[in-house]
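Only this structure's heavy atoms are used, side chains among them; waters, hydrogens and symmetry mates stay out.
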Amino acid sequence: MEDFLVLGHRGYRAKYAENTIEAFQKALEYGADGIEYDSRLTKDGVLVVLHDEEINGIKLNSIEYNQLKNIKFSNGQTIPTVEETIRSLNNKAILNLEVKEVEAAIPSYEITKKLGALKRTLFSSFKVDALRKIRKIDKEVKLGLLVQYDTLDNLPQLHKELSLYSLNLWVDAVKENIQESSKMLRKWRDAGLKIYLWTLNNPQDLYDLEGFYDCVITDEVELIVTERKRMKKKEQSSK
């Protein structure tokens, strides 16, 4: 089998409050190579980690960071900043930062650069303009396209324009027609693109799509890490 990365989706989301420092640290503690997390801006321009555009019915762009710190998750923690998140992890952790807003693209890049984490970070987004902003100021940083149907149709042009590192694909869509998907995945990988699959929580998917992915993003960190170990052990015993 080809070796592949395991990233905790919003941390170790299956067992801990998503996108919190605890969830990120637990993902690494239980064997993930790194994390996938999200960036958005508050009303006063602070870059925080939040998947949705609102929390408790409050739009993030209508609330200042100091007010946001009053909102606590079930584990007692508050919404972290991107900077706090990177600082809370060891310097070997792989980072996949999903930029949720075009306006958050440059702040996401600048904070990651300030903390010396660019080489281990993949900036991904559904928003092509966010990736364009980052590519404009850095020709080397890794960019991942979170694929929608319209961007998939334009993939060759986008890859040429942005020098994409990866395609980040929804595993359920890939599984709808594994035979056809396998052909496309092989084609894209032959073109030099890495394939990141999200959100892969069923160990059987690792086998059904084996050889066609480079990274899996999962809520179920322990489950998938354990299965990866089992796959490696089977491979070694068969040699």
Side-chain angles (χ1 to χ4, degrees), residues 5 7-11 18-21 24 34-55 58-65 68 79-89 93-170 192-196 198-199 215 217:
L5 295 173
L7 302 183
H9 182 227
R10 308 181 206 168
E18 68 176 48
N19 276 334
T20 62
I21 298 297
F24 299 139
I35 61 165
E36 184 273 348
Y37 64 129
D38 308 287
S39 65
R40 292 183 181 275
L41 289 168
T42 61
K43 182 180 179 180
D44 52 339
V46 178
L47 192 70
V48 298
V49 179
L50 189 67
H51 179 268
D52 298 331
E53 63 181 20
E54 62 178 47
I55 183 167
I58 305 168
K59 293 279 189 181
L60 187 64
N61 61 13
S62 71
I63 186 172
E64 295 188 350
Y65 178 65
L68 197 65
I79 295 172
T81 64
V82 169
E83 181 164 352
E84 286 171 339
T85 298
I86 297 174
R87 289 188 183 280
S88 74
L89 305 175
I94 303 298
L95 305 172
N96 177 187
L97 180 51
E98 181 184 345
V99 181
K100 303 296 285 188
E101 308 163 333
V102 174
E103 297 78 10
I106 299 304
S108 295
Y109 173 85
E110 289 177 341
I111 287 173
T112 304
K113 182 179 180 180
K114 182 180 81 170
L115 298 178
L118 283 180
K119 288 187 177 180
R120 55 191 175 95
T121 296
L122 170 71
F123 295 97
S124 63
S125 188
F126 283 108
K127 299 183 181 298
V128 175
D129 283 344
L131 300 179
R132 286 186 173 120
K133 281 180 174 291
I134 295 173
R135 179 58 76 220
K136 187 175 181 179
I137 60 174
D138 191 321
K139 303 302 181 187
E140 303 297 329
V141 73
K142 294 190 285 288
L143 300 181
L145 180 66
L146 279 154
V147 175
Q148 294 177 315
Y149 286 112
D150 58 341
T151 52
L152 194 56
D153 290 340
N154 297 323
L155 182 56
Q157 297 93 322
L158 289 173
H159 184 28
K160 183 178 180 180
E161 175 191 354
L162 296 170
S163 297
L164 295 168
Y165 177 82
S166 69
L167 293 182
N168 295 32
L169 303 167
W170 184 32
L193 290 165
K194 304 289 186 183
I195 302 298
Y196 282 47
W198 57 273
T199 304
C215 175
I217 299 169

If you compare all heavy atoms of [X] against all heavy atoms of [Y], which two are closest, and at what distance to 0.1 Å?
X      : Y      : result
Pro80  : Asn19  : CD-O, 3.2 Å
Asp138 : Val141 : OD1-N, 3.0 Å
Ser124 : Leu146 : OG-CD1, 3.9 Å
Val49  : Ile79  : O-CG2, 3.3 Å
Ala105 : Ala130 : CB-O, 3.5 Å

Exceeds 12 heavy-atom contacts within 6.0 angstrom, atom [atom1] of [X]:
X      : atom1 : value
Lys160 : NZ    : no
Lys142 : NZ    : yes
Gln157 : CD    : yes

So, using side-chain hydrogen bond (donor to acceptor under 3.5 Å, both in side chains) as the criterion, who are the partners of [X] when residues are at least two apart?
X     : value
Glu83 : Arg87, Lys114
Thr85 : none
Glu98 : Lys100
Asp44 : Thr42

Does a side chain donor of either Thr121 or Thr112 reach within less than 3.5 Å of an acceptor in the other side chain?
no
Partners passing salt bridge (Lys or Arg N to Asp or Glu O under 4.0 Å) against [X] (at least two apart in sequence or in another chain):
X      : result
Glu161 : Arg132
Glu54  : none
Lys59  : Glu53

Test item: Trp198 side-chain N/O and His9 main-chain N/O as donor-acceptor pair under 3.5 Å
no
Please check this pair: side chain of Arg40 against backbone of Ala104, looking for a donor-acceptor N/O pair closer than 3.5 Å.
no
If the condition is ring pair (Phe, Tyr, Trp, His ring centres under 6.0 Å), which residues does Tyr196 pass it with, not counting sequence neighbours?
none
Under the criterion side chain to side chain contact (heavy atoms under 4.5 Å, CB included), I'd like the reasoning laid out for Leu97 against Phe123: C-alpha separation, chi angles, the key distance, then a yes or no.
CA-CA 5 Å; Leu97 180 51; Phe123 295 97; 4.0 Å; yes
Looking at Lys43 and Glu64, is there a salt bridge between them, counting it only when a charged N and a carboxylate O are closer than 4.0 Å?
no
Rounded to the nearest 0.5 Å, how far apart are [atom1] of [X] and [atom2] of [Y]?
X      : Y      : atom1 : atom2 : answer
Leu95  : Tyr37  : CG    : OH    : 4.5 Å
Leu145 : Leu169 : CG    : CG    : 8.5 Å
Phe126 : Leu131 : CZ    : CG    : 11.0 Å
Trp170 : Ile217 : CH2   : CD1   : 14.5 Å
Asp38  : Glu101 : CG    : CD    : 10.5 Å
Ser166 : Leu122 : OG    : CG    : 4.0 Å

Counterpart residues, side-chain contact (heavy atoms from CB on, under 4.5 Å), relative to [X] (two or more places apart):
X      : answer
Ser163 : Arg135
Glu18  : Arg10, Arg13, His51
Ile106 : Glu110, Lys133, Ile137

